[in-house]
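Some notes on the structure that comes next.
Quick note: numbers below take in every heavy atom, side chains included, and nothing from hydrogens, waters or symmetry partners.
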Amino acid sequence: MSTAQTREYLYIVKALALFSIVCAHCGVLPDNAGAGGKTAVLVMLSVGASGVGVFLLVAGYLFYGSRKSARAFFQGKVTSLVAPWLVCGTVDYLYVALRKGGLGLTDWFLALTCKSHYYFLTVLFACYIVFFYIRGRRFEGVALFCLAVLSVTSITLTGAGILKLNPYINPFNWFIYFILGVTLKKYALLNSIVSFCKKGIWLLALCSGLAIFLPVSGGLHIDYWQNAAIPTELLAILTILGFAARLQKQKPASLPVQIGKRSFSVYLIHMIPAGLVVRLTSYVDFWPVLFLRPFIVITLSLAAIGLCRLTARKRGVLKTADILIGVRE
């Protein structure tokens, strides 16, 4: 793939990862749900267990492709990541705290770092710091291998209940996905992997479906560190990579590309629409409606972003607004 094609492809991958994450946050069981509703929620939670890993893989790939110095890199992240993280995270926190109580500086800090979906950004920065130290050094290959082993071990111990650290902000539970992205870039493997996944997409999709069905049939769901987490996560990632390649060949592919371009912004703001949609659909006693939740949430989030940008453009502050809500052009 050319550079432009690779960029477009990664946007589609991000769109699919975003859908996964929104599924996880929409997987709330309605009151008095029947068997169909319980199954639907378990499926959504299982589908939602791959999004963070995919985002970290893409982040690792892009990170290793950057030649910026550490100082220039992190200065750029202050604008592109930290500013919208603080602003949108604070809005999310206030939305919850003003309704449920618990307003305080400590609660605010915890909400932005480990007690909400923003844990991803905490982990992402941990990845950046560690891998900046490793990148380009003589021991880079050995370090990547050792960190991969430690990461798999951490996930296994977490799933077994032996490792008691908060699993969401334990960076060792996530390093493996960032390492996969780094490896794809370091050894120029992306095209080969994408070609493999594209050719075998239907088999991968079938295997992913079975990997979800087996736990769900027993009343369980896939998560990040339990129920054969590592093989099922890798299988899901390969399926997403193959599906993205198929989507890229469709006409038009512009919709998933545009969603991918807005994926970070949607990730930042989607919890408020998700809460509203989950609450409203909880009153509908028809389980197929549950599968519409992520589509509605993403649509509402994109509409909110569009409205915000339109208002900002009219007031001549579009650039500032884009920074604060995480829009990247």
Side-chain angles (χ1 to χ4, degrees), residues 1-21 49-68 73 77 120 123-137 139-152 155 171-201 203-205 207-208 224 229-249 253 256-257 260-261 263-264 328:
M1 290 185 288
S2 66
T3 301
Q5 289 173 324
T6 300
R7 186 183 302 112
E8 181 184 72
Y9 173 76
L10 291 178
Y11 280 137
I12 298 174
V13 171
K14 285 183 176 182
L16 296 177
L18 175 68
F19 179 79
S20 168
I21 287 174
S50 57
V52 170
V54 173
F55 271 123
L56 286 173
L57 183 149
V58 173
Y61 182 89
L62 295 174
F63 166 81
Y64 201 80
S66 172
R67 295 295 97 190
K68 292 181 179 179
F73 181 86
K77 293 304 176 187
F120 165 73
V123 170
L124 181 60
F125 266 87
C127 289
Y128 286 149
I129 293 170
V130 170
F131 287 90
F132 244 117
Y133 177 75
I134 292 172
R135 191 179 73 177
R137 296 181 180 266
F139 55 80
E140 179 182 81
V142 174
L144 289 175
F145 176 78
C146 291
L147 281 174
V149 172
L150 288 173
S151 185
V152 171
I155 292 170
F172 286 96
N173 281 351
W174 305 105
F175 280 157
I176 186 63
Y177 304 109
F178 198 88
I179 289 170
L180 288 175
V182 167
T183 302
L184 289 179
K185 184 63 178 181
K186 178 179 173 65
Y187 298 104
L189 296 174
L190 182 63
N191 287 344
S192 299
I193 294 297
V194 169
S195 178
F196 168 80
C197 294
K198 182 181 177 182
K199 291 177 181 177
I201 182 59
L203 179 59
L204 289 170
C207 292
S208 290
Y224 289 116
I230 295 173
T232 52
E233 284 287 300
L234 293 178
L235 183 60
I237 288 172
L238 292 175
T239 302
I240 287 174
L241 294 179
F243 192 34
R246 290 278 180 169
L247 283 176
Q248 190 176 24
K249 296 298 182 182
V257 169
K261 287 182 178 180
S263 59
F264 180 57
R328 302 167 180 173

How long is the span from the [atom1] atom in [X] to the [atom2] atom in [Y], to the nearest 0.5 Å?
X    : Y    : atom1 : atom2 : answer
F19  : S50  : CZ    : OG    : 10.0 Å
L16  : T239 : CG    : OG1   : 10.5 Å
C146 : L150 : SG    : CG    : 7.0 Å
E233 : S208 : CD    : OG    : 10.0 Å
C127 : F132 : SG    : CZ    : 13.0 Å
I129 : F73  : CD1   : CZ    : 10.0 Å

- request: Please name all residues satisfying side chain to side chain contact (heavy atoms under 4.5 Å, CB included) with Y133, sequence neighbours left out, ordered by chain then number.
  value: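 Checked Y133 against side chain to side chain contact (heavy atoms under 4.5 Å, CB included); matches are R137, F139.
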task: Taking side chain to side chain contact (heavy atoms under 4.5 Å, CB included) as the test, write out the residues that go with F145, two or more places apart.
output: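 Expected list: V149.
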Is there a side-chain contact between [X] and [Y] (heavy atoms, below 4.5 Å)?
X    : Y    : value
K198 : K249 : yes
T6   : Y61  : yes
I12  : F243 : no

field: F63 six-ring face occupied by R135 cation (under 6.0 Å, within 45°)
entry: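 Yes, cation above the ring, under 6.0 Å and within 45°.
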Sequence neighbours excluded and cut-off under 3.5 Å, please list the side-chain donor-acceptor pairs for residues 174-185, or say none.
unit_1, atom_1, unit_2, atom_2, d
W174, NE1, Y168, O, 2.9
T183, OG1, I179, O, 2.8

task: Answer yes or no: are there more than 12 heavy-atom neighbours, outside Y9 itself, under 6.0 Å from its atom OH?
output: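 Yes - once you tally the heavy atoms of other residues, nucleotides and ligands closer than 6.0 Å, there are more than 12.
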- prompt: Among L57, V123, I21, N173, which residue meets the side-chain contact (heavy atoms from CB on, under 4.5 Å) test with V52?
  reply: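 When L57, V123, I21, N173 are each tested with V52, the side-chain contact (heavy atoms from CB on, under 4.5 Å) holds only for I21.
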message: Please check this pair: side chain of Q248 against backbone of A244, looking for a donor-acceptor N/O pair closer than 3.5 Å.
response: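 Here the side-chain-to-backbone pair does not exist.
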message: Check whether S263 reaches the backbone of G260 with its side chain - one donor and one acceptor, N or O, closer than 3.5 Å.
response: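 A pair under 3.5 Å: yes.
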- prompt: Between F55 and F264, does the ring centre distance come in under 6.0 Å?
  reply: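 Centroid distance F55-F264: not below 6.0 Å, so no.
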query: How far apart are the C-alpha atoms of L144 and F131, what are their side-chain angles, what is the distance that settles it, and do they pass the side-chain contact (heavy atoms from CB on, under 4.5 Å) test?
result: CA-CA 9 Å; L144 289 175; F131 287 90; 3.4 Å; yes
- request: Walk me through it: do V257 and L247 pass the test side-chain contact (heavy atoms from CB on, under 4.5 Å)?
  value: CA-CA 10 Å; V257 169; L247 283 176; over 6 Å; no
